[in-house]
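As structure tokens, the structure follows; a few thoughts come after it.
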Amino acid sequence: MASAFDQPVCRENTCAVKFDARQAVFGRDDVIPVWVADMDFAAPEAVTRALTERAQHPVYGYTLFPDSLYQAMIDWFAERHDWHIRREWILMAPGVVPSLNAACMAYAEPGEGVIIQPPVYPPFFSSVRQSGREVIESPLVQDSQTGQYRMDLEHLEQCAARPDARVLLLCSPHNPVGRVWKEAELNELLAVARRHNLVVLSDEIHCDLTYSDATPHTVLGRLTGKDDALVTAVAPSKSFNMPGLGLSALVIADPERRKAMKAVFESMHLPQCNPFSIAGFEAGYRHGAGWLDELISYLQANRDFVANAVSQRLPGIEVAAPEGTYLMWLDCRSLGLDDAGLKRFFVQDAGVGMNPGLSFGQPGSGFMRLNIGCPRSVLEQVIVRIEAALAGL
């Protein structure tokens, strides 16, 4: 039976980064774009309707955050994640990436250390470096048998014990390796943070995108007490495919740490509230549940299709099925190519545009990140192209 997600949506010539930046990024504009982490699906009809209704009012001035927006978010996390947020804990933010930068500035002084766990989303590196703080790397460890990753808690403890360590940036669920951290793992991480007085920023932007055969996502905030130094970053942008609207939220129970984060945003005159971002944010959380459930089923089938195709048709490439996100982490090390050669192979020989693993840190060398948030027919084309290129390698 055909799914609404099978229906292609033309994104070319709409200034979509994923499509219209192909020439600049890959040197050719005909690669199949499976890189930037947004999806090629129409957003929920309720979101489009809310944006259209807002557009019908002809004044687009400075806008307040309405109480209904906060309540929609509170209700969503209570019902979906059994996480009970108080209204006063919420600080609206212009996006999760700006929040990473703001956390470094709020909770560490210039030159002090911020711990990250590569391979990880590139802004984790840039937010630390561009704010004048020092990156402390505690790499994840890959299981040689299953291909899945785990935290190296012994090494994390060593990093946290450094006298200059102040902040830990956690990616949960993890981009790009697709892990959904188990509650026991998160409790161990929290124990490390408590012993060494670290502020933890937990980026949970993919928290709604986990698969039925995997560990359910545990919001880190459910495991913490009132004295824990935790900032949780969430947004409807990945859940309902509207990252271009650029609105997220921070949940910070401690008033002093909330004040510190707010002061950083105010020092940069952020955020200016976009009336369309507000409309989309609230509509997604209030009316998007049914659409999201259908999306996850479709993405899970995409994931399984790719995992099977890689195993059966793409010799020299391996992949561990992700537990969450719509991203797959392809292990291409057996192809025997260096990172530059690997990029050339996929772009020039296969005509497929993916994110090079090296952009996620040195532990990503030899890997590629594939975005499966697209119609299955597109993924079929991706597999066919890579299969043909491998035959000629």
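The structure presented is a predicted model; accordingly, all values stated were derived computationally and were not measured.
To the nearest 0.5 angstrom, R49 atom CZ is 9.5 Å from T52 atom OG1. In this structure, the separation between SG on C273 and CG on L69 is 8.0 Å, given to the nearest 0.5 Å. Considering CZ of R22 and CD of E12, their distance stands at 5.0 Å, rounded to 0.5 Å. Here the CG atom belonging to N175 is positioned 8.0 Å from the CG atom belonging to D203, to the nearest 0.5 angstrom. Taking CD1 of I85 as the start and CH2 of W76 as the end, the distance is 12.5 Å to the nearest 0.5 Å. For the atom pair H206 NE2 and T325 OG1, the distance stands at 5.5 Å (nearest 0.5 Å).
Within the cation-pi definition used here (under 6.0 Å to the ring centroid, within 45° of the axis), R303 qualifies as a partner of Y211. Because its NZ or CZ atom is both nearer than 6.0 Å to the ring centre of Y70 and within 45° of the ring axis, R87 counts as a cation-pi partner of that residue. A cation-pi contact, defined as under 6.0 Å to the ring centre and within 45° of the axis, is absent between R54 and Y60.
N241 places a side-chain N or O within 3.5 Å of a backbone atom of M39 that can act as its donor or acceptor partner. Remark: the backbone N or O of V180 is paired with a side-chain donor or acceptor of E323 at under 3.5 angstrom. Judged by distance alone, the side chain of R179 and the main-chain N or O of H174 form no donor-acceptor pair under 3.5 Å. In this structure, W35 contributes its side chain and V352 its backbone to no donor-acceptor pair below 3.5 Å. Of the possible donor and acceptor atoms, one in the side chain of R166 sits under 3.5 Å from a partner among the backbone N and O of P163. Of the possible donor and acceptor atoms, one in the side chain of N371 sits under 3.5 Å from a partner among the backbone N and O of D38. The main-chain N or O of N355 is never found under 3.5 Å from a side-chain atom of R369 such that the two would form a donor-acceptor pair. Between the Y107 side chain and the R257 main chain, a donor and an acceptor come within less than 3.5 Å of each other. Formation of a donor-acceptor pair under 3.5 Å by the D20 side chain with backbone atoms of N13 is found in this model. Side-chain atoms of D6 come within 3.5 Å of backbone N or O of S3 as a donor-acceptor pair.
Between R133 and D164 no salt bridge is recorded (no basic side-chain N to carboxylate O distance below 4.0 Å). Taking a cutoff of 4.0 Å between a charged side-chain nitrogen and a carboxylate oxygen, R194 and D228 qualify as a salt bridge. Look at R195 and E157 and you find a salt bridge, because one of the NZ, NE, NH1 or NH2 atoms lies within 4.0 Å of a carboxylate O, short of that distance. Of the charged side-chain nitrogens involved, at least one lies within less than 4.0 Å of a carboxylate oxygen, so that E134 and R162 count as a salt-bridged pair.
Shortest non-hydrogen contact noted between L51 and G280 is CD2-N, 4.0 Å. In terms of heavy-atom proximity, V34 sits nearest to C374 at CG1-SG, 4.4 Å. Between V9 and A42, the closest heavy-atom pair is CG2-N, 4.1 Å. Contact record, L201 with A103: CD1-CB, 3.5 Å, taken as the closest heavy-atom pair. Of all heavy-atom pairs spanning K343 and V25, the tightest one is NZ-O, 4.1 Å. Of all non-hydrogen atoms in I278 and P66, the two that sit nearest each other are CG2-CD, 3.6 Å.
Taking the six-membered ring for Trp and the full ring otherwise, Y285 and F77 have centroids separated by under 6.0 Å. For an aromatic pair to be called close, the ring centres must be under 6.0 Å apart, and Y298 with F41 satisfies this.
Between E282 and S68, the side chains place a donor N or O and an acceptor N or O closer than 3.5 Å (distance only, hydrogens not considered). In this model, a donor atom of one side chain and an acceptor atom of the other lie less than 3.5 Å apart for D339 and S365. Between the side chains of Q300 and D304, not a single donor N or O lies within less than 3.5 Å of an accepting N or O.
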Steps toward side chain to side chain contact (heavy atoms under 4.5 Å, CB included) verdict (Q142, V177): CA-CA 10 Å; Q142 187 181 30; V177 307; over 6 Å; no
Test side-chain hydrogen bond (donor to acceptor under 3.5 Å, both in side chains) applied to H217 and E204, step by step: CA-CA 9 Å; H217 176 74; E204 305 196 23; 2.7 Å; yes
Worked verdict on V192 versus M151 for side chain to side chain contact (heavy atoms under 4.5 Å, CB included): CA-CA 12 Å; V192 171; M151 300 183 197; over 6 Å; no
Intermediate values then yes/no, side chain to side chain contact (heavy atoms under 4.5 Å, CB included), R313 and V384: CA-CA 9 Å; R313 298 166 56 185; V384 166; 3.7 Å; yes
Side chain to side chain contact (heavy atoms under 4.5 Å, CB included) evaluation trace for R80 with L292: CA-CA 11 Å; R80 202 87 180 182; L292 179 63; 3.5 Å; yes
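In this structure, V128 and L169 have side chains that are in contact, with non-hydrogen atoms separated by less than 4.5 Å. At least one side-chain heavy atom of S237 sits under 4.5 Å from a side-chain heavy atom of I205. Residues L327 and P176 are not in side-chain contact: their nearest non-hydrogen atoms beyond the backbone lie 4.5 Å or more apart. Put simply, the side chain of F346 reaches to within 4.5 Å of the side chain of C332, judged on heavy atoms. V306 has its side chain out of reach of N302: every pair of non-hydrogen atoms, C-beta onward, lies at least 4.5 Å apart. The shortest side-chain heavy-atom distance between R333 and L342 does not fall under the 4.5 Å cut-off.
Both Y326 and L330 belong to a common hydrophobic cluster when Ile, Leu, Val, Met, Phe, Trp and Tyr are linked at side-chain heavy-atom distances under 4.5 angstrom. A single hydrophobic cluster is not seen to contain both V120 and V141; linkage of ILVMFWY side chains at heavy-atom distances under 4.5 Å, directly or through other members, places them apart. A chain of hydrophobic side-chain contacts below 4.5 Å, direct or via other Ile, Leu, Val, Met, Phe, Trp or Tyr residues, connects I136 to F360. Hydrophobic clustering places L220 together with I115 (ILVMFWY residues linked when any side-chain heavy atoms are closer than 4.5 Å, directly or through intermediates). Hydrophobic clustering of Ile, Leu, Val, Met, Phe, Trp and Tyr side chains at less than 4.5 Å, counting indirect connections, unites L390 with I32.
Within 6.0 Å of the NZ atom in K18, the count of heavy atoms belonging to other residues, nucleotides or ligands exceeds 12.
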